Amino acid sequence: MIKQRLKQMLLDAARSAYEAGRLLSPDFPETSVEEPKIEAHGDFATNFAMAGASAQKMPPRKIAEAIADHLDDHEGIIEKTEIAGPGFINFFIRQTAWLPVLKEIHDKDHSFGAAGLGDGKKVQVEFVSANPTGPLHIGHGRGAVVGDTVASLLSFCGYRVDREYYINDAGRQIHTLGKSVYLRCLELGGKEVEFPEDAYQGDYIYEIAKSAIAEKGPGMLEKSEQEAVEICARYAAGQILKDIRVDLENLGVRFDSWFSEQKLYDSGRVDKALSFLEKKGLIYEKDDARWFAASRFGDEKDRVVVRKNGQTTYFASDIAYHLEKYERGYDRVIDVWGADHHGYVQRLSAAITAMGKSSGQFRVILTQLVNLLRKGRPVSMSTRAGRFVTLRDVTDEVGRDAARFIFLTRHHESPLDFDLEVAKAKTNDNPVYYVQYVHARISSIWKKATEERGIQAALPNGLELLCEPEEIRLIKQLARYPETVAVAAELMEPHRVAYYLMDLAALFHAYYNKHRVLTDDPNITEPRLYMIMAVQKIIRNGLGMLGVSAPETM
RNA sequence: GCGCCUGUAGCUCAGUCGGACAGAGCAACGGACUUCUAAUCCGUAGGUCGCACGUUCGAAUCGUGCCAGGCGCGCCA
């Protein structure tokens with residue numbers, strides 16, 4: 001990568017300038033090379049001289065001159081350097097130095113830009129994990145897409161990634177679900193029932209009740225209430241989970257494993273985790289309850305793990321779950337939660353620190369809430385009345401590609417306004433089509449090239465003829481792909497890839513409108529075809545990373 | 001009251017490790033289709049980066065204090 005080579009050259013230049021007596025100190029700052037916003041400032045610039053001014057006790061411009069004089073560009077990638085402003089060194093790269101990236105893209109194809117950052121380490125990304133007590137809503141959709149894409153990014157960057165869904169199938173909510181269904185069953189059987197306010201109100205409960213009667217038989221209702229509720233609970237959770245699976249599949253999200261909370265209890269894992277902490281002296285008894293000393297690990301206060309009534313808390317099973325994750329051999333564990341759970345982060349982090357794990361081994365990604373709008377007006381979401389727009393409604397209406405792309409064009413910690421009408425619009429309000437259109441346009445050109453001109457393959461001939469400014473800009477953008485993906489993976493910010501693709505698409509459309517690829521001159525047609533096929537590969541790879549399709553025609 | 005997130009153009013949002021003159025799309029206005037797909041392109045206009053102070057060669061970015069919106073502060077999940 002050109003940037004890396006420049007960094008090395010700078011460091012070498014600084015050393016030889018010091019040896020030649022032009023610099024006073026061998027203490028150099030960390031070299032930072034970045035791309036200036038303005039093209040007139042060159043392809044790359046460094047603040048090396050300014051950052052080193054205090055150590056050198058010299059004016060920045062003097063330092064910059066010394067370094068510039070000692071630059072050894074034996075590969076010949078630099079056209080010229082300039083010293084500008086308070087002491088920036090600006091580099092102008094020889095245009096032909098950009099061209100090799102095209103061949104690299106063609107050669108490496110799907111794996112272009114794949115970095116070995118992860119070094120084969122095992123990572124688990126746990127996301128969605130919605131309670132199986134009702135349909136998914138749009139907020140779950142956001143978490144699903146962010147989690148899925150973070151997993152893809154990490155996987156591309158050399159981690160061994162598993163996607164997991166944690167099923168909260170133990171505890172009171174499931175019991176409430178069972179009771180809700182049971183009562184609806186009785187109601188359907190003609191009995192007068194009082195339906196409590198804290199039960200699940202939605203119409204889907206009726207649907208489940210109907211099929212429960214059909215499948216389990218009316219005899220179910222003759223058992224004791226406790227037994228019947230239990231049957232209803234398990235049946236309902238199973239049905240809802242089935243629907244959740246379908247909803248996620250529709251969004252292009254698939255999990256490697258579905259982990260049951262109930263199994264943690266059944267296998268004694270919760271007790272095991274608590275005694276593990278107890279042995280470390282981190283569990284104590286107070287007010288007839290048992291507490292974990294979370295405050296010793298940065299949490300505000302200690303937290304109850306076993307209640308006065310002898311039942312464990314959700315926190316206890318979560319500790320057991322995370323302990324189990326590490327026991328399964330995951331080096332890093334990533335949880336994607338809705339922002340409404342952020343109060344929970346510290347206590348779980350505390351528990352994980354208590355397990356002896358470092359902060360780098362656990363990360364919670366919080367996704368902010370989604371406001372669902374239609375034509376700028378909030379869509380009413382009354383959970384109490386059981387009347388709300390589900391995730392399925394949304395994907396059915398706007399489609400997977402648009403839904404995913406919209407979730408990924410915001411930083412996940414920014415609240416998101418999701419407007420159904422905008423999501424359906426096939427205009428630039430909806431950049432997914434803008435990006436996909438590049439792919440389709442290139443397919444169309446290629447089709448024409450093969451069918452009408454008998455061209456068989458894109459070959460790297462005459463690339464030095466790619467010297468239009470729009471061509472150089474496009475190729476430079478292609479060269480940015482590896483770094484974009486690496487940074488997105490490292491920071492777990494998938495939106496960076498989406499923005500990268502929009503920028504690439506803009507450069508391509510601008511190029512397309514100004515220059516023809518298929519010309520009467522084969523000498524110019526060949527390299528241009530080679531270039532746009534590289535663009536197409538990056539678009540395809542990038543969209544694929546985001547779980548968005550790359551259509552041949554639109 | 002305490003904690004977390006957010007605040008950038010009329011709207012929706014980017015802005016990397018503190019870098020040079022603040023970025024895109026939409027909306028507005030004016031242009032470009034006998035051409036490889038106009039789901040496109042070109043141009044114009046649009047800013048107190050919530051406010052104030054501080055840190056320094058340099059702040060949308062870091063620190064402190066305010067303001068506004070969202071969320072959270074259970075022996076709920």
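As the structure is a prediction and not an experimental result, all values here were calculated from the model. So that the names make sense, note that chain A is the first sequence line, chain B the second, and so on, each numbered from 1.
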Open item on the list: Which helical stems does RNA chain B take part in, if a stem means at least 3 consecutive Watson-Crick or G-U pairs with both distances below 3.5 Å?
Closed with: B:1-7 with B:67-73, B:10-13 with B:23-26, B:28-32 with B:40-44, B:50-54 with B:62-66
Measuring only the [atom1] atom in each nucleotide, how far is [N] from [M]? A whole number of Å is fine.
{"N": "B/U64", "M": "B/U55", "atom1": "C1'", "value": "11 Å"}
{"N": "B/A9", "M": "B/A24", "atom1": "P", "value": "14 Å"}
{"N": "B/G58", "M": "B/A20", "atom1": "C1'", "value": "9 Å"}
{"N": "B/A28", "M": "B/C11", "atom1": "P", "value": "15 Å"}
{"N": "B/A22", "M": "B/G15", "atom1": "C1'", "value": "9 Å"}
{"N": "B/G63", "M": "B/A45", "atom1": "C1'", "value": "38 Å"}
{"N": "B/C21", "M": "B/C26", "atom1": "C1'", "value": "25 Å"}
{"N": "B/A27", "M": "B/U44", "atom1": "C1'", "value": "15 Å"}

To the nearest Å, how far apart are [X] [atom1] and [N] [atom2]?
{"X": "A/Arg441", "N": "B/U35", "atom1": "CZ", "atom2": "C1'", "answer": "12 Å"}
{"X": "A/Glu526", "N": "B/C36", "atom1": "CD", "atom2": "P", "answer": "21 Å"}
{"X": "A/Asp419", "N": "B/U12", "atom1": "CG", "atom2": "P", "answer": "11 Å"}
{"X": "A/Arg142", "N": "B/G70", "atom1": "CZ", "atom2": "C1'", "answer": "13 Å"}
{"X": "A/Glu483", "N": "B/C17", "atom1": "CD", "atom2": "C1'", "answer": "11 Å"}
{"X": "A/Lys3", "N": "B/C17", "atom1": "NZ", "atom2": "P", "answer": "11 Å"}
{"X": "A/Phe418", "N": "B/C13", "atom1": "CZ", "atom2": "P", "answer": "12 Å"}
{"X": "A/Tyr512", "N": "B/A39", "atom1": "OH", "atom2": "C1'", "answer": "12 Å"}

When all nucleic acid strands are considered with a 4.0 Å heavy-atom cut-off, which category describes [X]: base, sugar-phosphate, or nothing?
{"X": "A/Arg410", "answer": "sugar-phosphate"}
{"X": "A/His515", "answer": "base"}
{"X": "A/Ala425", "answer": "nothing"}
{"X": "A/Thr409", "answer": "sugar-phosphate"}
{"X": "A/Lys37", "answer": "sugar-phosphate"}
{"X": "A/Tyr434", "answer": "sugar-phosphate"}
{"X": "A/Asn90", "answer": "base"}
{"X": "A/Ala84", "answer": "base"}
{"X": "A/Tyr499", "answer": "sugar-phosphate"}
{"X": "A/Pro431", "answer": "nothing"}
{"X": "A/Ile38", "answer": "base"}
{"X": "A/Val487", "answer": "nothing"}

TODO: Indicate the ring-plane relationship of A/Tyr314 and A/Tyr344, choosing parallel, tilted or perpendicular according to the 30° and 60° boundaries.
DONE: tilted
Could you check whether [X] pairs with [Y] (Lys NZ or Arg NE/NH1/NH2 to Asp/Glu carboxylate O, under 4.0 Å)?
{"X": "A/Glu552", "Y": "A/Lys447", "value": "no"}
{"X": "A/Lys325", "Y": "A/Glu164", "value": "no"}
{"X": "A/Arg290", "Y": "A/Glu278", "value": "yes"}
{"X": "A/Glu397", "Y": "A/Arg374", "value": "yes"}
{"X": "A/Arg473", "Y": "A/Glu468", "value": "no"}
{"X": "A/Arg480", "Y": "A/Glu483", "value": "no"}
{"X": "A/Glu82", "Y": "A/Lys80", "value": "yes"}

Open item on the list: Taking the six-membered ring of A/Phe508 as reference, does the cationic atom of A/Arg441 (NZ for Lys, CZ for Arg) lie under 6.0 Å from its centre and within 45° of its axis?
Closed with: no
Task: Residue whose closest nucleotide on RNA chain B lies nearer the 5' end, A/Ala510 versus A/Glu34 - done: A/Glu34
Task: Earlier contact from the 5' end, RNA chain B, for A/His509 and A/His411 - done: A/His411
Open item on the list: Are B/A20 and A/Phe88 stacked, with the base six-membered ring and the side-chain ring centres under 5.5 Å apart and planes under 30°?
Closed with: yes
Open item on the list: Is the base of B/A20 stacked against the aromatic ring of A/His41, taking ring centres under 5.5 Å apart and planes under 30° as the test?
Closed with: yes
- [ ] With the side chain counted from C-beta on, respond yes when A/Met545 and A/Val485 share a heavy-atom pair under 4.5 Å apart, and no when they do not.
- [x] yes
Task: Side-chain N,O (A/Lys426) to OP1/OP2 (B/A39) below 4.0 Å - done: no
TODO: Measure from the side-chain N and O atoms of A/Asp335 to the backbone N and O of A/Glu126, and report whether any donor-acceptor pair falls under 3.5 Å.
DONE: no
Task: Protein-to-nucleotide contact annotation, 5' to 3' order, nucleotides 71-77 of chain B [B base; S sugar-phosphate only; - none; under 4.0 Å, heavy atom] - done: BS-SBSB
Task: Flag for A/Glu261-A/Ser317: side-chain donor and acceptor within less than 3.5 Å - done: yes
